[in-house]
Structure formats: structure tokens, C-alpha cells
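Written out below as C-alpha cells is the structure these notes cover.
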Amino acid sequence: QLQLVESGGGEVQSGGSLRLSCTASSFVGYYALGWFRQAPGKEREGVSCISSSSGMTNYTDSVKGRFTISRDNTKNTVYLQMNNLKSEDTAVYYCAAGSRFNLPTRPSEFDYWGRGTQVTVAS
């Protein structure tokens with residue numbers, strides 16, 4: 001059973017930056033890794049995903065140009081660099097791992113989930 005632990009969340013002013021990390025309990029080189037977020041009263045939303053080889057990435061439109069996903073398979077870690085944060089980015093951010101699809105986008109396409117880290121952007 002793969003375990004994922006997120007870190008790096010916190011409170012930041014609008015326009016600021018945060019870098020989220022998610023470290024797995026074992027080798028994740030064969031998994032696509034993704035970040036999702038969920039704001040109060042809203043459905044979980046896919047933010048970004050990176051393929052196992054790092055050759056492919058995707059981003060939801062609202063974060064394009066501001067967020068960057070990357071991974072370090074030697075550290076079993078995926079990162080989400082978030083710049084120019086806005087109040088609408090406030091949410092609990094979850095990382096996820098999936099082995100069935102090259103670049104999954106939907107929650108059902110992932111197999112393992114972390115418990116989340118809170119990101120709060122103050123306007």
C-alpha cells in the first residue's frame with residue numbers, strides 16, 4: 001500500500017508563493033502523480049498531473065502560467081510550485097498516484113491519495 005504525505009501548505013498573502021511537496025512511502029517511478037484541491041462546499045478539482053517519465057504534464061486552466069509540477073523519483077517526491085497565488089486558490093491540496101493511465105485527470109483514475117495540506121491565500 002503506497003502512502004503519500006503532503007507538506008508545505010500554509011497561509012500566504014495574495015501574490016505570494018508556496019511550494020507543496022508530497023513524499024511517497026516507496027518508489028513511485030512507475031506512477032503518474034497529480035495534485036488536486038478541494039475548497040469548502042466544492043467538488044475536488046484536478047490541478048495538475050505529471051506522467052511517470054516527467055515527459056508530460058497538464059494543468060487546469062486557472063493555474064496555467066502560475067503553477068509548476070515536477071517530480072524527483074530518487075526522492076519519491078512530487079512538487080507543486082505555486083506562484084502569484086490568488087484567494088481562489090484557497091483549498092485543501094491533495095496529492096495522488098496512479099498507475100493505470102499515462103496522464104490521468106479524474107480522481108477515479110488515481111489509486112492512492114494523501115490526506116491533504118491546507119493552503120490559505122489572504123486577499
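It should be emphasised that the depicted structure is a prediction, and the values quoted were computed from it without experimental measurement.
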* Structure fact -> All heavy atoms of W35 vs all of L20, minimum pair found to be CH2-CB, 3.6 Å
* Ring-ring centroid check F36 F110, cutoff 6.0 Å -> yes
* To do: Give a yes or no on whether a salt bridge exists between D61 and K64, defined as a side-chain N under 4.0 angstrom from a carboxylate O.
  => yes
* Asked: So, for R66 and D89, which heavy atoms are closest and what is the spacing to 0.1 Å?
  -> NH1-OD2, 2.8 Å
* To do: In sequence, state the C-alpha distance, the side-chain angles, and the governing distance for Y31 and S99, and then conclude on side chain to side chain contact (heavy atoms under 4.5 Å, CB included).
  => CA-CA 5 Å; Y31 291 87; S99 61; 3.9 Å; yes
* Asked: Is there a side-chain contact between I69 and Y59, using heavy atoms and a 4.5 Å cut-off?
  -> yes
* Distance in Å, E11 CD paired with T90 OG1, rounded so as to fall on 0.5 Å steps -> 8.5 Å
* **K42: side-chain hydrogen bond (donor to acceptor under 3.5 Å, both in side chains) partners, not counting sequence neighbours** => none
* Asked: Atom OG in S26, atom CG in L4: separation rounded to 0.5 Å?
  -> 9.0 Å
* Structure fact -> Taken to the nearest 0.5 Å, the spacing of S87 OG from Q13 CD works out to 11.5 Å
* Asked: Looking at Y94, is R44 sitting on its ring face, NZ or CZ under 6.0 Å from the six-membered ring centre and within 45 degrees of the normal?
  -> yes
* With T23 via side-chain hydrogen bond (donor to acceptor under 3.5 Å, both in side chains) - residues at least two apart -> T77
* Atom CZ of R115: over 12 foreign heavy atoms under 6.0 Å -> no
* Asked: C22: what forms a disulfide (SG to SG under 2.5 Å) with it, not counting sequence neighbours?
  -> C95
* To do: Mind listing the closest non-hydrogen atom pair of V119 and L18 along with its distance?
  => CG1-CD1, 3.9 Å
* Between V12 and T120, does a side chain to side chain contact (heavy atoms under 4.5 Å, CB included) hold up when you go through it step by step? -> CA-CA 6 Å; V12 65; T120 302; over 6 Å; no
* Counting N and O atoms only, with roles assigned by atom type, does the side chain of T117 sit under 3.5 Å from a partner on the main chain of G9, one being a donor and the other an acceptor? -> yes
* Determine whether V121 and V47 fall in the same hydrophobic cluster, where Ile, Leu, Val, Met, Phe, Trp and Tyr are linked whenever their side-chain heavy atoms lie under 4.5 Å apart. => yes
* Which residue pairs satisfy the disulfide bond (SG atoms under 2.5 Å apart) criterion with at least one member in residues 30-83, sequence neighbours excluded? -> none
* Asked: Looking only at heavy atoms, which two atoms of T60 and E45 are closest? And how far apart?
  -> OG1-OE2, 3.8 Å
* Asked: Tracing side-chain links under 4.5 Å among I, L, V, M, F, W and Y, which residues wind up in one group with Y79?
  -> none
* Asked: Are any side-chain N or O atoms of S48 and backbone N or O atoms of N58, one a donor and one an acceptor, separated by less than 3.5 Å?
  -> yes
* Asked: Looking only at heavy atoms, what is the nearest atom pair of L33 and A97, with distance?
  -> CD2-CB, 3.6 Å
* Asked: Just by modelled atom types, is the S17 backbone N or O under 3.5 Å from a matching donor or acceptor in the N84 side chain?
  -> no
* Point-to-point distance, once rounded to the nearest 0.5 Å, from OG of S25 to CG of L2 -> 4.5 Å
* Calculate, to the nearest 0.5 Å, the distance between atoms CG and CZ belonging to D111 and R100 respectively. => 4.5 Å
* Between S51 (side chain) and M56 (backbone), is there a donor-acceptor pair under 3.5 Å? -> yes
* For Y93, side-chain hydrogen bond (donor to acceptor under 3.5 Å, both in side chains) partners two or more places apart -> R37
* Within the distance-only criterion (no hydrogens, no angle test), does the side chain of S14 pair as donor or acceptor with the backbone N or O of K86 below 3.5 angstrom? -> no
* Asked: Counting only heavy atoms not in Q3, do more than 12 fall under 6.0 Å of its CD?
  -> no
* Distance-only, no hydrogens or angles: does the R71 side chain make a donor-acceptor pair with backbone N or O of N76 under 3.5 Å? -> no
* At their closest point, which heavy atom of G29 faces which heavy atom of S52, and how far apart are they? -> O-CB, 3.2 Å
